[in-house]
There are 2 protein chains.
Amino acid sequence: MTKTKNTAELILDTAQSIVQDVGFNGFSYSHIAEKVGIRTASIHYYFPSKEDLGEALIVRYRKSFISAIDQIDSETQNNLEKFRKFILIYKAPVQECCTCMGVMFATDLATLSSKVQEGLAHLFTANLEWLERVLDQGRRNGHLNFEGAANVRAHQFLASLQGAQLLAKSFRDLSRFDMIADGLISALT
Amino acid sequence: MTKTKNTAELILDTAQSIVQDVGFNGFSYSHIAEKVGIRTASIHYYFPSKEDLGEALIVRYRKSFISAIDQIDSETQNNLEKFRKFILIYKAPVQECCTCMGVMFATDLATLSSKVQEGLAHLFTANLEWLERVLDQGRRNGHLNFEGAANVRAHQFLASLQGAQLLAKSFRDLSRFDMIADGLISALT
DNA sequence: GTCTATAGGTGGATAGAC
DNA sequence: GTCTATCCACCTATAGAC
(Lines give C-alpha, C1' and ligand atoms only; values in the text may rest on other atoms or scores of the structure.)
Protein backbone atom coordinates (compact mmCIF):
# COMPACT_ATOMS: atom_id res chain seq x y z
CA MET A 1 0.00 0.00 0.00
CA THR A 2 1.90 3.01 -1.25
CA LYS A 3 0.85 6.27 0.35
CA THR A 4 0.16 9.03 -2.15
CA LYS A 5 3.07 11.45 -2.11
CA ASN A 6 2.42 14.95 -0.91
CA THR A 7 3.62 18.02 -2.75
CA ALA A 8 6.74 18.51 -0.64
CA GLU A 9 7.86 14.95 -1.39
CA LEU A 10 7.14 15.37 -5.08
CA ILE A 11 9.24 18.53 -5.12
CA LEU A 12 12.12 16.77 -3.36
CA ASP A 13 11.92 13.75 -5.66
CA THR A 14 12.02 15.98 -8.70
CA ALA A 15 14.73 18.25 -7.31
CA GLN A 16 16.93 15.28 -6.51
CA SER A 17 16.66 13.82 -9.96
CA ILE A 18 17.44 17.21 -11.46
CA VAL A 19 20.44 17.75 -9.16
CA GLN A 20 21.79 14.35 -10.14
CA ASP A 21 21.53 15.40 -13.76
CA VAL A 22 22.73 19.00 -13.83
CA GLY A 23 24.03 19.84 -10.36
CA PHE A 24 22.73 22.27 -7.74
CA ASN A 25 23.66 25.33 -9.79
CA GLY A 26 22.32 23.99 -13.07
CA PHE A 27 18.61 24.38 -12.43
CA SER A 28 16.03 26.85 -11.15
CA TYR A 29 12.70 26.57 -9.39
CA SER A 30 10.97 26.84 -12.74
CA HIS A 31 12.54 23.55 -13.85
CA ILE A 32 11.09 21.80 -10.82
CA ALA A 33 7.74 23.55 -11.20
CA GLU A 34 7.43 22.45 -14.79
CA LYS A 35 8.13 18.79 -14.00
CA VAL A 36 5.87 18.66 -10.94
CA GLY A 37 3.12 20.63 -12.64
CA ILE A 38 2.88 23.49 -10.16
CA ARG A 39 4.07 27.13 -10.00
CA THR A 40 7.36 28.33 -8.58
CA ALA A 41 5.55 30.21 -5.81
CA SER A 42 4.25 26.89 -4.52
CA ILE A 43 7.78 25.58 -4.20
CA HIS A 44 8.72 28.66 -2.18
CA TYR A 45 5.81 27.85 0.14
CA TYR A 46 7.54 24.59 1.14
CA PHE A 47 11.15 25.63 0.64
CA PRO A 48 11.40 29.42 1.04
CA SER A 49 14.91 29.62 -0.40
CA LYS A 50 16.99 27.38 -2.59
CA GLU A 51 19.30 26.97 0.39
CA ASP A 52 16.41 25.48 2.36
CA LEU A 53 15.74 23.12 -0.50
CA GLY A 54 19.38 22.03 -0.55
CA GLU A 55 19.31 21.29 3.16
CA ALA A 56 16.09 19.29 2.89
CA LEU A 57 17.61 17.35 -0.01
CA ILE A 58 20.75 16.29 1.82
CA VAL A 59 18.92 15.45 5.05
CA ARG A 60 16.43 13.25 3.24
CA TYR A 61 19.18 11.72 1.12
CA ARG A 62 21.20 10.67 4.13
CA LYS A 63 18.14 9.17 5.79
CA SER A 64 17.30 7.14 2.72
CA PHE A 65 20.91 5.97 2.50
CA ILE A 66 20.84 4.84 6.13
CA SER A 67 17.61 2.95 5.41
CA ALA A 68 19.24 1.27 2.43
CA ILE A 69 22.27 0.01 4.32
CA ASP A 70 20.09 -1.03 7.27
CA GLN A 71 18.07 -3.14 4.87
CA ILE A 72 21.21 -4.69 3.43
CA ASP A 73 22.35 -5.56 6.93
CA SER A 74 19.02 -7.09 7.87
CA GLU A 75 18.52 -9.21 4.77
CA THR A 76 22.10 -10.23 4.02
CA GLN A 77 24.51 -12.34 6.07
CA ASN A 78 27.47 -12.76 3.75
CA ASN A 79 29.71 -9.71 3.80
CA LEU A 80 30.79 -10.10 0.21
CA GLU A 81 27.14 -10.14 -0.78
CA LYS A 82 26.65 -6.96 1.25
CA PHE A 83 29.25 -5.25 -0.88
CA ARG A 84 27.55 -6.39 -4.04
CA LYS A 85 24.31 -4.78 -2.85
CA PHE A 86 26.13 -1.63 -1.78
CA ILE A 87 27.56 -1.32 -5.27
CA LEU A 88 24.04 -1.49 -6.69
CA ILE A 89 23.16 1.67 -4.73
CA TYR A 90 25.92 3.47 -6.62
CA LYS A 91 25.09 1.84 -9.92
CA ALA A 92 21.44 2.94 -9.96
CA PRO A 93 21.96 6.62 -10.91
CA VAL A 94 24.53 5.66 -13.55
CA GLN A 95 21.88 3.67 -15.38
CA GLU A 96 20.08 6.93 -15.98
CA CYS A 97 23.32 8.58 -17.12
CA CYS A 98 23.50 10.44 -13.83
CA THR A 99 25.74 10.70 -10.81
CA CYS A 100 24.56 10.19 -7.25
CA MET A 101 23.61 13.32 -5.36
CA GLY A 102 26.55 12.96 -2.99
CA VAL A 103 29.01 13.28 -5.86
CA MET A 104 27.11 16.23 -7.33
CA PHE A 105 27.06 18.05 -3.99
CA ALA A 106 30.74 17.26 -3.47
CA THR A 107 31.76 19.10 -6.64
CA ASP A 108 29.33 21.94 -5.96
CA LEU A 109 30.50 22.13 -2.35
CA ALA A 110 31.94 25.65 -2.48
CA THR A 111 28.57 27.10 -3.50
CA LEU A 112 26.51 25.29 -0.86
CA SER A 113 25.50 26.47 2.61
CA SER A 114 27.52 25.23 5.57
CA LYS A 115 24.60 23.08 6.69
CA VAL A 116 24.61 21.26 3.36
CA GLN A 117 28.38 20.92 3.54
CA GLU A 118 28.10 19.36 6.97
CA GLY A 119 25.28 17.11 5.81
CA LEU A 120 27.43 15.86 2.96
CA ALA A 121 30.33 15.09 5.29
CA HIS A 122 27.93 13.17 7.53
CA LEU A 123 26.66 11.23 4.54
CA PHE A 124 30.15 10.22 3.46
CA THR A 125 31.06 9.37 7.04
CA ALA A 126 28.06 7.04 7.21
CA ASN A 127 29.26 5.43 3.98
CA LEU A 128 32.78 4.97 5.28
CA GLU A 129 31.77 3.65 8.70
CA TRP A 130 29.49 1.05 7.17
CA LEU A 131 32.15 -0.03 4.68
CA GLU A 132 34.79 -0.25 7.40
CA ARG A 133 32.53 -2.29 9.65
CA VAL A 134 31.57 -4.75 6.91
CA LEU A 135 35.20 -5.07 5.84
CA ASP A 136 36.29 -5.78 9.39
CA GLN A 137 33.56 -8.31 10.06
CA GLY A 138 34.07 -9.97 6.71
CA ARG A 139 37.75 -10.48 7.29
CA ARG A 140 37.19 -11.87 10.75
CA ASN A 141 34.55 -14.38 9.69
CA GLY A 142 36.35 -15.33 6.49
CA HIS A 143 33.88 -13.91 3.97
CA LEU A 144 36.48 -11.43 2.79
CA ASN A 145 40.19 -11.54 2.19
CA PHE A 146 42.32 -8.40 2.01
CA GLU A 147 45.37 -6.79 3.58
CA GLY A 148 45.85 -3.48 5.35
CA ALA A 149 43.61 -1.28 7.45
CA ALA A 150 39.87 -1.57 6.92
CA ASN A 151 39.53 2.21 7.24
CA VAL A 152 41.87 2.77 4.30
CA ARG A 153 40.10 0.10 2.27
CA ALA A 154 36.78 1.75 2.96
CA HIS A 155 38.10 5.03 1.54
CA GLN A 156 39.45 3.25 -1.53
CA PHE A 157 36.17 1.46 -2.08
CA LEU A 158 34.04 4.60 -1.84
CA ALA A 159 36.38 6.72 -3.95
CA SER A 160 36.44 4.05 -6.65
CA LEU A 161 32.66 3.95 -6.89
CA GLN A 162 32.42 7.73 -7.07
CA GLY A 163 35.07 7.92 -9.78
CA ALA A 164 33.42 5.02 -11.59
CA GLN A 165 30.22 7.05 -11.77
CA LEU A 166 32.07 10.00 -13.29
CA LEU A 167 33.79 7.87 -15.93
CA ALA A 168 30.61 6.02 -16.87
CA LYS A 169 28.76 9.31 -17.18
CA SER A 170 31.51 10.97 -19.22
CA PHE A 171 31.72 8.09 -21.69
CA ARG A 172 28.00 7.32 -21.50
CA ASP A 173 29.11 3.77 -20.98
CA LEU A 174 27.76 1.75 -18.07
CA SER A 175 30.37 -0.97 -18.63
CA ARG A 176 33.07 1.39 -17.37
CA PHE A 177 31.29 1.39 -14.03
CA ASP A 178 30.88 -2.39 -13.99
CA MET A 179 34.52 -2.90 -14.91
CA ILE A 180 35.67 -0.91 -11.90
CA ALA A 181 33.05 -2.34 -9.54
CA ASP A 182 33.90 -5.92 -10.52
CA GLY A 183 37.53 -5.19 -9.75
CA LEU A 184 36.58 -4.04 -6.26
CA ILE A 185 34.77 -7.31 -5.59
CA SER A 186 37.66 -9.36 -7.00
CA ALA A 187 40.11 -7.59 -4.71
CA LEU A 188 38.13 -8.71 -1.66
CA THR A 189 38.07 -12.43 -2.41
CA MET B 1 62.33 33.98 -19.30
CA THR B 2 58.59 33.89 -18.72
CA LYS B 3 56.58 35.49 -21.47
CA THR B 4 54.04 37.99 -20.14
CA LYS B 5 50.61 36.44 -20.37
CA ASN B 6 48.14 38.04 -22.70
CA THR B 7 44.56 38.81 -21.72
CA ALA B 8 43.08 35.67 -23.26
CA GLU B 9 45.45 33.51 -21.24
CA LEU B 10 44.71 35.43 -18.06
CA ILE B 11 41.01 34.91 -18.63
CA LEU B 12 41.50 31.19 -19.17
CA ASP B 13 43.73 30.85 -16.11
CA THR B 14 41.18 32.62 -13.98
CA ALA B 15 38.22 30.78 -15.46
CA GLN B 16 39.88 27.43 -14.86
CA SER B 17 40.59 28.14 -11.21
CA ILE B 18 37.01 29.32 -10.75
CA VAL B 19 35.58 26.24 -12.49
CA GLN B 20 37.68 24.01 -10.26
CA ASP B 21 36.20 25.81 -7.27
CA VAL B 22 32.52 26.25 -8.11
CA GLY B 23 31.86 24.39 -11.37
CA PHE B 24 30.89 25.65 -14.81
CA ASN B 25 27.42 26.74 -13.68
CA GLY B 26 28.58 28.37 -10.47
CA PHE B 27 30.12 31.53 -11.89
CA SER B 28 29.44 34.33 -14.35
CA TYR B 29 31.60 36.53 -16.55
CA SER B 30 31.54 39.18 -13.84
CA HIS B 31 33.42 36.85 -11.48
CA ILE B 32 36.21 36.44 -14.01
CA ALA B 33 36.20 40.14 -14.84
CA GLU B 34 36.61 41.09 -11.20
CA LYS B 35 39.56 38.76 -10.67
CA VAL B 36 41.32 39.70 -13.89
CA GLY B 37 40.62 43.41 -13.48
CA ILE B 38 38.74 43.97 -16.71
CA ARG B 39 35.10 44.38 -17.80
CA THR B 40 32.78 41.60 -18.86
CA ALA B 41 32.57 43.03 -22.37
CA SER B 42 36.30 42.40 -22.78
CA ILE B 43 35.81 38.72 -21.99
CA HIS B 44 33.09 38.52 -24.66
CA TYR B 45 35.62 39.97 -27.10
CA TYR B 46 37.81 36.85 -26.68
CA PHE B 47 35.10 34.33 -25.87
CA PRO B 48 31.82 35.53 -27.39
CA SER B 49 29.71 33.03 -25.47
CA LYS B 50 30.22 31.02 -22.31
CA GLU B 51 30.05 27.95 -24.52
CA ASP B 52 33.09 29.22 -26.41
CA LEU B 53 34.87 29.73 -23.13
CA GLY B 54 34.08 26.18 -22.05
CA GLU B 55 35.47 24.78 -25.29
CA ALA B 56 38.66 26.82 -25.01
CA LEU B 57 39.06 25.63 -21.42
CA ILE B 58 38.81 21.93 -22.18
CA VAL B 59 41.03 22.15 -25.28
CA ARG B 60 43.75 23.98 -23.37
CA TYR B 61 43.35 21.66 -20.39
CA ARG B 62 43.86 18.55 -22.48
CA LYS B 63 46.93 20.06 -24.13
CA SER B 64 48.47 20.89 -20.80
CA PHE B 65 47.72 17.40 -19.54
CA ILE B 66 49.42 15.86 -22.58
CA SER B 67 52.45 18.08 -21.92
CA ALA B 68 52.55 16.94 -18.31
CA ILE B 69 52.54 13.23 -19.10
CA ASP B 70 55.04 13.76 -21.92
CA GLN B 71 57.37 15.36 -19.42
CA ILE B 72 56.90 12.50 -16.98
CA ASP B 73 57.79 10.07 -19.76
CA SER B 74 60.87 12.02 -20.79
CA GLU B 75 62.33 12.55 -17.32
CA THR B 76 61.35 9.29 -15.62
CA GLN B 77 62.38 5.73 -16.41
CA ASN B 78 60.91 3.76 -13.53
CA ASN B 79 57.23 3.05 -14.10
CA LEU B 80 56.36 3.10 -10.43
CA GLU B 81 57.95 6.53 -10.21
CA LYS B 82 55.85 7.59 -13.19
CA PHE B 83 52.72 6.72 -11.24
CA ARG B 84 53.92 8.72 -8.28
CA LYS B 85 54.29 11.78 -10.50
CA PHE B 86 50.94 11.16 -12.16
CA ILE B 87 49.32 11.16 -8.74
CA LEU B 88 50.86 14.56 -8.04
CA ILE B 89 48.95 15.97 -11.02
CA TYR B 90 45.72 14.94 -9.32
CA LYS B 91 46.90 16.03 -5.89
CA ALA B 92 47.67 19.62 -6.91
CA PRO B 93 44.09 20.98 -7.08
CA VAL B 94 43.18 19.21 -3.84
CA GLN B 95 45.81 21.25 -2.01
CA GLU B 96 43.73 24.30 -2.82
CA CYS B 97 40.56 22.56 -1.65
CA CYS B 98 39.51 22.13 -5.28
CA THR B 99 38.80 19.36 -7.72
CA CYS B 100 40.48 19.05 -11.11
CA MET B 101 38.61 20.54 -14.03
CA GLY B 102 37.99 17.13 -15.55
CA VAL B 103 35.98 16.05 -12.52
CA MET B 104 34.07 19.33 -12.44
CA PHE B 105 33.18 19.06 -16.13
CA ALA B 106 32.20 15.43 -15.65
CA THR B 107 29.52 16.28 -13.10
CA ASP B 108 28.38 19.32 -15.11
CA LEU B 109 28.34 17.23 -18.28
CA ALA B 110 24.61 17.47 -19.00
CA THR B 111 24.78 21.27 -19.18
CA LEU B 112 27.82 21.48 -21.45
CA SER B 113 27.96 21.73 -25.24
CA SER B 114 28.64 18.57 -27.21
CA LYS B 115 32.11 19.87 -28.12
CA VAL B 116 33.01 20.16 -24.44
CA GLN B 117 31.53 16.73 -23.78
CA GLU B 118 33.67 15.25 -26.53
CA GLY B 119 36.72 17.12 -25.29
CA LEU B 120 36.22 15.67 -21.83
CA ALA B 121 35.94 12.13 -23.18
CA HIS B 122 39.17 12.72 -25.14
CA LEU B 123 40.87 13.95 -21.97
CA PHE B 124 39.86 10.89 -19.99
CA THR B 125 40.84 8.63 -22.88
CA ALA B 126 44.30 10.22 -22.86
CA ASN B 127 44.50 9.55 -19.13
CA LEU B 128 43.46 5.93 -19.52
CA GLU B 129 45.72 5.20 -22.48
CA TRP B 130 48.75 6.56 -20.68
CA LEU B 131 47.94 4.62 -17.52
CA GLU B 132 47.38 1.42 -19.46
CA ARG B 133 50.65 1.81 -21.35
CA VAL B 134 52.69 2.50 -18.20
CA LEU B 135 51.00 -0.41 -16.41
CA ASP B 136 51.78 -2.75 -19.28
CA GLN B 137 55.40 -1.64 -19.64
CA GLY B 138 55.93 -1.71 -15.88
CA ARG B 139 54.71 -5.25 -15.56
CA ARG B 140 56.85 -6.43 -18.45
CA ASN B 141 60.06 -4.84 -17.17
CA GLY B 142 59.40 -5.78 -13.55
CA HIS B 143 58.87 -2.29 -12.13
CA LEU B 144 55.28 -3.16 -11.31
CA ASN B 145 53.48 -6.18 -10.02
CA PHE B 146 49.73 -6.66 -10.45
CA GLU B 147 47.23 -9.13 -11.81
CA GLY B 148 44.49 -8.75 -14.41
CA ALA B 149 44.05 -6.60 -17.49
CA ALA B 150 45.99 -3.33 -17.63
CA ASN B 151 42.97 -1.61 -19.17
CA VAL B 152 40.81 -2.48 -16.17
CA ARG B 153 43.55 -1.40 -13.78
CA ALA B 154 43.86 1.92 -15.59
CA HIS B 155 40.16 2.56 -15.04
CA GLN B 156 40.42 1.65 -11.37
CA PHE B 157 43.43 3.90 -10.92
CA LEU B 158 41.80 6.93 -12.53
CA ALA B 159 38.45 6.45 -10.80
CA SER B 160 40.19 6.17 -7.44
CA LEU B 161 42.04 9.45 -7.90
CA GLN B 162 38.89 11.24 -8.98
CA GLY B 163 36.94 9.90 -6.02
CA ALA B 164 39.86 10.71 -3.74
CA GLN B 165 39.61 14.34 -4.83
CA LEU B 166 35.92 14.42 -3.98
CA LEU B 167 36.41 12.92 -0.53
CA ALA B 168 39.33 15.19 0.32
CA LYS B 169 37.33 18.21 -0.80
CA SER B 170 34.21 17.17 1.11
CA PHE B 171 36.11 16.59 4.35
CA ARG B 172 38.58 19.43 3.73
CA ASP B 173 41.20 16.86 4.55
CA LEU B 174 44.13 16.28 2.23
CA SER B 175 45.12 13.12 4.12
CA ARG B 176 42.05 11.36 2.71
CA PHE B 177 43.53 11.84 -0.74
CA ASP B 178 46.97 10.64 0.35
CA MET B 179 45.50 7.60 2.05
CA ILE B 180 43.82 6.49 -1.15
CA ALA B 181 46.74 7.40 -3.40
CA ASP B 182 49.23 5.52 -1.21
CA GLY B 183 47.02 2.47 -1.44
CA LEU B 184 47.15 2.65 -5.23
CA ILE B 185 50.94 2.64 -5.18
CA SER B 186 51.07 -0.23 -2.66
CA ALA B 187 48.81 -2.32 -4.87
CA LEU B 188 51.31 -2.05 -7.73
CA THR B 189 54.39 -3.27 -5.88
C1' DG C 1 -2.04 25.36 -0.41
C1' DT C 2 -1.88 27.11 -4.84
C1' DC C 3 -2.37 30.62 -7.69
C1' DT C 4 -1.33 35.47 -10.38
C1' DA C 5 1.37 39.28 -10.48
C1' DT C 6 5.37 41.47 -9.76
C1' DA C 7 9.53 43.29 -7.56
C1' DG C 8 14.50 43.50 -7.63
C1' DG C 9 18.52 41.52 -9.05
C1' DT C 10 21.77 39.13 -12.03
C1' DG C 11 22.70 36.40 -16.04
C1' DG C 12 24.74 36.34 -20.98
C1' DA C 13 25.34 39.12 -24.70
C1' DT C 14 25.69 43.28 -28.04
C1' DA C 15 26.39 48.20 -29.92
C1' DG C 16 29.20 51.66 -30.44
C1' DA C 17 32.57 55.25 -28.49
C1' DC C 18 37.43 55.69 -27.64
C1' DG D 1 41.36 45.88 -27.30
C1' DT D 2 38.90 47.86 -23.73
C1' DC D 3 35.52 50.53 -22.24
C1' DT D 4 30.38 52.44 -21.07
C1' DA D 5 25.82 51.75 -21.71
C1' DT D 6 22.21 48.95 -22.45
C1' DC D 7 18.96 45.04 -23.78
C1' DC D 8 16.36 41.17 -22.67
C1' DA D 9 15.78 36.90 -20.54
C1' DC D 10 15.77 34.53 -16.46
C1' DC D 11 16.42 34.08 -11.53
C1' DT D 12 15.02 34.13 -6.50
C1' DA D 13 11.69 35.71 -3.73
C1' DT D 14 7.43 38.08 -1.95
C1' DA D 15 2.57 40.02 -1.65
C1' DG D 16 -1.86 39.12 -1.77
C1' DA D 17 -6.17 37.03 -4.06
C1' DC D 18 -8.68 32.78 -4.06
Side-chain angles (χ1 to χ4, degrees), chain A residues 3-19 21-58 60 104-105 107-117, chain B residues 3-58 60 101 104-105 107-117:
Chain A
K3 200 176 64 179
T4 305
K5 295 217 176 190
N6 61 31
T7 306
E9 283 174 310
L10 282 174
I11 291 169
L12 289 172
D13 287 345
T14 306
Q16 181 176 325
S17 85
I18 294 177
V19 167
D21 189 31
V22 299
F24 195 72
N25 298 311
F27 74 96
S28 71
Y29 272 30
S30 66
H31 293 100
I32 304 175
E34 203 174 333
K35 282 206 174 190
V36 177
I38 54 176
R39 298 279 145 171
T40 62
S42 303
I43 304 175
H44 282 285
Y45 172 77
Y46 295 100
F47 308 100
S49 73
K50 204 176 173 184
E51 200 175 302
D52 297 319
L53 177 62
E55 287 163 20
L57 279 172
I58 189 68
R60 190 184 77 138
M104 295 308 267
F105 274 179
T107 57
D108 291 335
L109 197 79
T111 65
L112 302 173
S113 78
S114 55
K115 277 194 185 178
V116 179
Q117 294 183 13
Chain B
K3 201 175 63 176
T4 304
K5 294 217 175 187
N6 60 32
T7 305
E9 282 173 311
L10 282 174
I11 292 169
L12 289 172
D13 287 345
T14 306
Q16 183 178 323
S17 84
I18 294 177
V19 167
Q20 290 181 341
D21 190 31
V22 298
F24 195 72
N25 298 312
F27 75 97
S28 70
Y29 273 30
S30 65
H31 292 99
I32 304 175
E34 203 174 332
K35 283 207 174 189
V36 177
I38 54 177
R39 300 276 148 173
T40 61
S42 302
I43 304 175
H44 282 285
Y45 172 77
Y46 294 101
F47 308 101
S49 74
K50 204 176 174 185
E51 199 174 303
D52 296 320
L53 177 62
E55 287 165 18
L57 279 172
I58 190 68
R60 190 184 78 138
M101 209 176 66
M104 294 307 267
F105 274 179
T107 56
D108 292 334
L109 197 80
T111 64
L112 302 172
S113 75
S114 55
K115 278 194 183 177
V116 179
Q117 294 184 11

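Naming convention: chains lettered A, B, ... in sequence-line order (proteins, then strands); numbering from 1 in each chain. All heavy atoms count here, side chains included; hydrogens, waters and symmetry mates do not. All figures in this text were calculated on a predicted structure; none of them were measured in a lab.
When distances run from any side-chain atom of B:Y46 to the nucleotides C:dT2, D:dG1, C:dG12, the shortest one goes to D:dG1. For A:A41, taking side-chain heavy atoms from C-beta onward, the closest of the listed nucleotides C:dA5, C:dG12, D:dC11 is C:dA5. Of the candidate nucleotides D:dT2, D:dT12, C:dA13, D:dT2 has the atom nearest to the side chain of B:S42. Listed candidates were C:dG11, C:dA13, D:dC3. Nearest to the side chain of B:I38 is D:dC3.
Straight-line distance from the OH atom of A:Y29 to the C1' atom of D:dA9: 20 Å, rounded to whole Å. Atom-to-atom, CD of B:E51 to C1' of C:dG11 comes out at 16 Å; the value is rounded to the nearest Å. With rounding to whole Å, A:I43 atom CD1 is found 13 Å from D:dC11 atom C1'. Taking atom CZ of B:R39 as the reference point, atom P of C:dA17 lies 20 Å away to the nearest angstrom. When rounded to the nearest whole Å, the span between CD1 of B:I11 and C1' of D:dG1 equals 11 Å. In this structure, the CD1 atom of B:I32 is 11 Å from the P atom of C:dG11, given to the nearest Å. As a whole-Å value, the separation of A:L53 CG from D:dA13 P is 10 Å. A:K50 has its NZ atom 13 Å from the C1' atom of C:dG11, to the nearest Å.
Side-chain contact between A:D108 and A:V19 is absent, with no heavy atoms from C-beta onward closer than 4.5 Å.
Look at B:K115 and B:D52 and you find no salt bridge, because none of the NZ, NE, NH1 or NH2 atoms lies under 4.0 Å from a carboxylate O.
Within 4.0 Å of B:Y45, counting heavy atoms only, lies at least one base atom of the nucleic acid. Nucleic acid contact class of A:F47 (heavy atoms, under 4.0 Å, all strands): none.
Distances shorter than 4.0 Å separate some side-chain N or O of A:S28 from OP1 or OP2 on D:dC11. When the side-chain nitrogen and oxygen atoms of B:S30 are compared with OP1 and OP2 of C:dT10, none of them lie within a distance under 4.0 Å. One finds no side-chain N or O of B:T7 lying less than 4.0 angstrom from the OP1 or OP2 phosphate oxygen of D:dG1.
More than 12 heavy atoms of other shown residues, nucleotides or ligands fall within 6.0 angstrom of atom CZ in B:R60. Annotation for A:E9: atom CD counts as buried by contact number, over 12 foreign heavy atoms lying within 6.0 Å.
Residues passing the ring-ring contact (aromatic ring centres under 6.0 Å, His included) test with B:Y29 are B:H44, sequence neighbours excluded.
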